[in-house]
Amino acid sequence: MRDSQQAADLLTWYDRHARVLPWRVSPSDLRSGVVPDPYRVWLSEIMLQQTTVAAVKKYYERFTYLWPTVGDLAAAGDADVMGEWAGLGYYARARNLLKCARVVVHDYDGRFPDTCKELLKLPGIGPYTASAISSIAFDQAETVVDGNVERVISRLFNIRTPLPASKPEITKIAQTFTPSARPGDYAQAIMDLGATICTPKSPTCGICPWRSPCQAHDLGTQAELPLKTRKAPKPTRLGIAYVARRSDGAWLLERRPDKGLLGGMLAWPNSEWNEAPVDSPPLDAEWCLLSAEARHTFTHFHLELKIKLANISVESEPERGTFVPPEEFAPSQLPSVMQKVFNLARDAFDDWS
DNA sequence: AAATCGTGGAT
DNA sequence: TATCCAAGATT
């Protein structure tokens, strides 16, 4: 079809400008016969969901160092994986990552399926990720539609229907461009194009391989596309976090339930987060309120956390949570909001003693 | 099917 | 400071 020339133009651009990424097999290596590792493609795609390349790099290196194969990851402990994911956000991804690894090992003999249909059955793999794995790891002609593709296609066709309503139309158009040859490189090329040239603000149309067919560039509307429906303003919630240090140096921590915010993560015991939180310490003690608060913004609300400290004797029994000895505790295992709390609490304990 | 689910960098 | 946004999935 006519669109094959556009795909070819993009692949030519990609051959020269493909970014070097830890999880990527370069076009030249691919031609030399290097075969992508589906485990690493899958791992990188899960980490990259709603997350920047810069933020993912260290985590990807660490995970592949600790768990080089899907079998290694499947055999890992839940707490170890959650602790290594800490700071990356969207923690359901980490829970589903482990679930998926174990399903692949036990139900698929340790080999990822190669079709979208089968991949979509696995936990944590949705339409985008299934297409990405199928095309990049298995050379199947599937179409990826991520935020980059939404933006590129919206501009190419000057689509003025706001997202997400325009997504079906965008998907349909994107499918007509996907080539049967080198679909994996094409998928990565169109995402690279969106990430490096067809950027959200100030796109560099002057060097774009798709400038000539681009309707938005023709009309000068590229900077205002894609249109998006307004998001609701974020309310502010209040809460109290309790940091207890036992005389032997152990810290009182709590494993959050698998469902909901920060699910499955280690955390300081805390009150509910709402308009008027109730003081609910995890054990009876002389709690000292810090003057400093931890402020943090989540996806859909702001949080202002008061912090209470207590020194605890070794014979006391908490009503909830577990004392973790200092040699087993690293603040890097905590989600970012809880790391903020720890940093403020540690400074206060240091002043205290 | 609208809400939920993190974080940090850029503007 | 406020808002946007980044290789979305789940319920």
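Here is the naming used below: chain letters follow the sequence lines, and residue numbers restart at 1 for every chain.
Ring geometry, F177(A) versus W210(A): the interplanar angle falls from 30° to 60°, so the pair is classed tilted.
Going from atom NZ of K201(A) over to atom P of dG9(B) covers 15 Å, rounded to whole Å. Whole-Å rounding puts the R93(A) CZ to dT10(C) P distance at 12 Å. The separation between L261(A) atom CG and dG6(B) atom P is 5 Å, rounded to whole Å. Put simply, NE2 on H300(A) is 12 Å from P on dT7(B), counting in whole angstrom units.
W23(A) comes within 4.0 angstrom of a nucleotide base, judged by non-hydrogen atoms across all strands. Residue contacts for I136(A): at a heavy-atom cut-off of 4.0 Å it reaches no nucleic acid atom on any strand shown.
Across the interface with DNA chain C, nearest-nucleotide mapping of G124(A) and P226(A) shows P226(A) to be the residue nearer the 5′ end.
For R95(A) against dA9(C), no side-chain N or O and base N or O form a donor-acceptor pair under 3.5 Å. In the interface, the side chain of Y128(A) is not paired with the base of dG8(C) through any donor and acceptor atom under 3.5 Å apart. Side chain T51(A) to base dG6(B): a donor-acceptor pair is found below 3.5 Å. Scanning atom types as modelled, no donor and acceptor separated by under 3.5 angstrom connect the side chain of T129(A) and the base of dG8(C).
In summary, the aromatic rings of W251(A) and F323(A) are positioned with their centroids too far apart to meet the 6.0 Å limit.
Minimum atom distance to the side chain of F298(A) is reached by dG6(B), of the listed dA9(C), dG6(B), dC5(C).
Salt bridge E169(A)/K172(A): absent, no basic N to carboxylate O contact under 4.0 Å.
Between W13(A) and D192(A), some side-chain heavy-atom pair lies under the 4.5 Å cut-off.
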